[in-house]
Amino acid sequence: MGKVAVAFASAAVVAACSVAAVMVRRRVKSRRKWRTVVEILKEFEEGCDAPVGRLRQVVDAMAVEMHAGLASEGGSKLKMLLTYVHDLPNGTEKGTYYALHLGGTYFRILRVHLGGERSYLDVQDVERHPIPSHLMNSTSEVVLFNFLAFSLERFIQKEGNESNSQGVKRELAFTFSFPVKHTCISSGVLIKWTKGFEISEMVGKDIAGCLQGALNRRGLDIHVAALVNDTVGALSLGYYHDPDTVVAVVFGTGSNACYLERTDAIIKCQGLLTTSGSMVVNMEWGNFWSSHLPRTAYDIDLDAESSNPNDMGFEKMIAGLYLGDIVRRVILRMSQESDIFGPSSSVFSQPYVLRTNSVSAMHEDDTPELQEVARILKDLGVSDVPLKVRKLMVKICDVVTRRAGRLAAAGIAGILKKIGRDGGGGITSGRSRGEMQMQRRTVVGVEGGLYMKYTMFREYMEEALVEILGEEVSQYVVVKAMEDGSSIGSALLVASSLQS
Ligand code: BGC
């Protein structure tokens, strides 16, 4: 071999060695980054852990807080609000009624016709629209209520001859999914906004009065006959179909529960008389808090950066508005500490860019290559994400949703415990778990997009409920889904309240 050839060959060897060295260095670096990611995931998973022992502590805390909230005004973070609903619809109601539902993401308008028997419930028309975001944060409530009145007017104009209530004053339920302090079934003031709404002028104002004013301004002959929390609407529909329904829960953009309570247990309102001896209590459980809740640094940051810090702590761990953002925060930290999502990962610094419906679609992606995950990431501007990273995404969604479902179940079991339907006889009966109370069938009505559309959330919740209550007691607890239950049930409530 000539000198030139030798020099050439050794240069090639040196070049090959340095390429190999670069590759090895890269591989080591990428392995190190992956290890960082795995550690972040592990730490997060541990932080979210909710074994049944911990859930039982949450159950107890929920039942104790319910007592405290019923004992005195401000006695607990649970407001335990009176609704003045004591007679739930029983199937004998007749007539045509309307409901306007202002929820967290959508508003709905519907008309129901009741024929005086349970089977004669006819939901004649339903409209569902997203709430324009400028209305949620406008400076004056007039803009919001004028918009609602306008939408209602259009709905009625479309009725033509379909409705048999032409020429008759229309009776309307206003399903208002926010905390209200009621003075009677048809009136109450807004306590505070939740779920990102921020029209500060409205806090303290009579909500039904605001809507009635807007309807009058448009010259509409519509009477706001009831102001109803969405949970109370859901309970009404549940009870109408099945009188064993005593609890209703909403898992949607926000979360909350209500239940039928004995009036003598509502100590903060002594002497409260109702014909039925009971009243529906709106718990506003989104604000529940207990040191037993598995809270992570991501939850703390989410809360601090929200429009309502130090408020609605439970809701921020279990409701649809927030699950996507918890996932986003975990991804953001991973992408800051490694570059597994590549250069376009800065999109994850945008609050709420990842919605819970995307979380559910990724979580439930059953294609072998996780194509749905790839599509959602691509829509966010993050392309060419390797399969292993896509699997990681699914895992993060799973951790967040599993915790949410399990905590939701603990919340429900807490209510069952308070009313003595958990097989233990409640927390004040002095009965031990061994001395089982005679079990009664108990129906829990559930409504809201998170529950209806996110199968894994639903499964985790139902599975944890059985774990907490045990197989035997669980047989008596029926969880029933109720699509549009809040709005339909509110209309039923107007009917029953006007008839009683
Ligand atoms: C509100 C509740 C409502 C729940 C579900 C919460 O943010 O405070 O009043 O029932 O969301 O919509």
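Note that ligands are numbered from 1 as they come in the structure, with each ligand's atoms numbered from 1 the same way. Along the sequence shown, residues are numbered consecutively beginning with 1.
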Acceptor/donor pairs from residues 130-137 side chains to any protein atom, 3.5 angstrom cut, sequence neighbours excluded:
none

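For ligand 1, the atoms lying closer than 4.0 Å to a non-hydrogen atom of G254 are 5 (C), 11 (O). Near M312, meaning under 4.0 Å from any of its heavy atoms, are these atoms of ligand 1: 7 (O), 8 (O). Counting atoms of ligand 1 from 1 in the listed order, those under 4.0 Å from a heavy atom of E284 are 1 (C), 2 (C), 8 (O), 9 (O). Those atoms of ligand 1 that come under 4.0 Å of a heavy atom in F178, given as number and element, are 9 (O). Set against the non-hydrogen atoms of N256, the atoms of ligand 1 under 4.0 Å away are 2 (C), 3 (C), 4 (C), 9 (O), 10 (O). In summary, the atoms of ligand 1 found under 4.0 Å from a heavy atom of P179, numbered by their order in the structure, are 8 (O), 9 (O).
If you check which protein heavy atom lies closest to atom 11 (O) of ligand 1, you get K195 NZ, 3.1 Å. Ranking the protein heavy atoms by distance from atom 6 (C) of ligand 1 puts E315 OE1, 3.1 Å first. Of the protein's heavy atoms, D230 OD2, 2.6 Å lies nearest to atom 12 (O) of ligand 1.
For G103, the closest heavy-atom approach to ligand 1 does not fall below 4.0 Å.
The part of S255 lying near ligand 1 is the backbone, judged by heavy-atom distances below 4.0 Å. For N229, every heavy-atom contact with ligand 1 shorter than 4.0 Å involves the side chain, none the backbone.
Listed by first then second residue, pairs satisfying side chain to side chain donor-acceptor pair (under 3.5 Å) with a partner in residues 71-85 read E65-S76, not counting sequence neighbours.
The nearest pair of heavy atoms linking G204 to V189 is O-CG1, 3.4 Å. The minimum heavy-atom distance between A409 and A464, with the atom names listed, is CB-CB, 3.7 Å. A pairwise comparison of heavy atoms in A408 and I318 identifies N-CG2, 4.2 Å as the closest pair.
Environment of CZ in R355: sparse, with no more than 12 heavy atoms of neighbouring residues, nucleotides or ligands closer than 6.0 Å.
Taking the six-membered ring wherever Trp is involved, the centroid distance between the rings of Y454 and F251 does not fall below 6.0 Å. In this structure, W193 has its ring center under 6.0 Å from that of F178.
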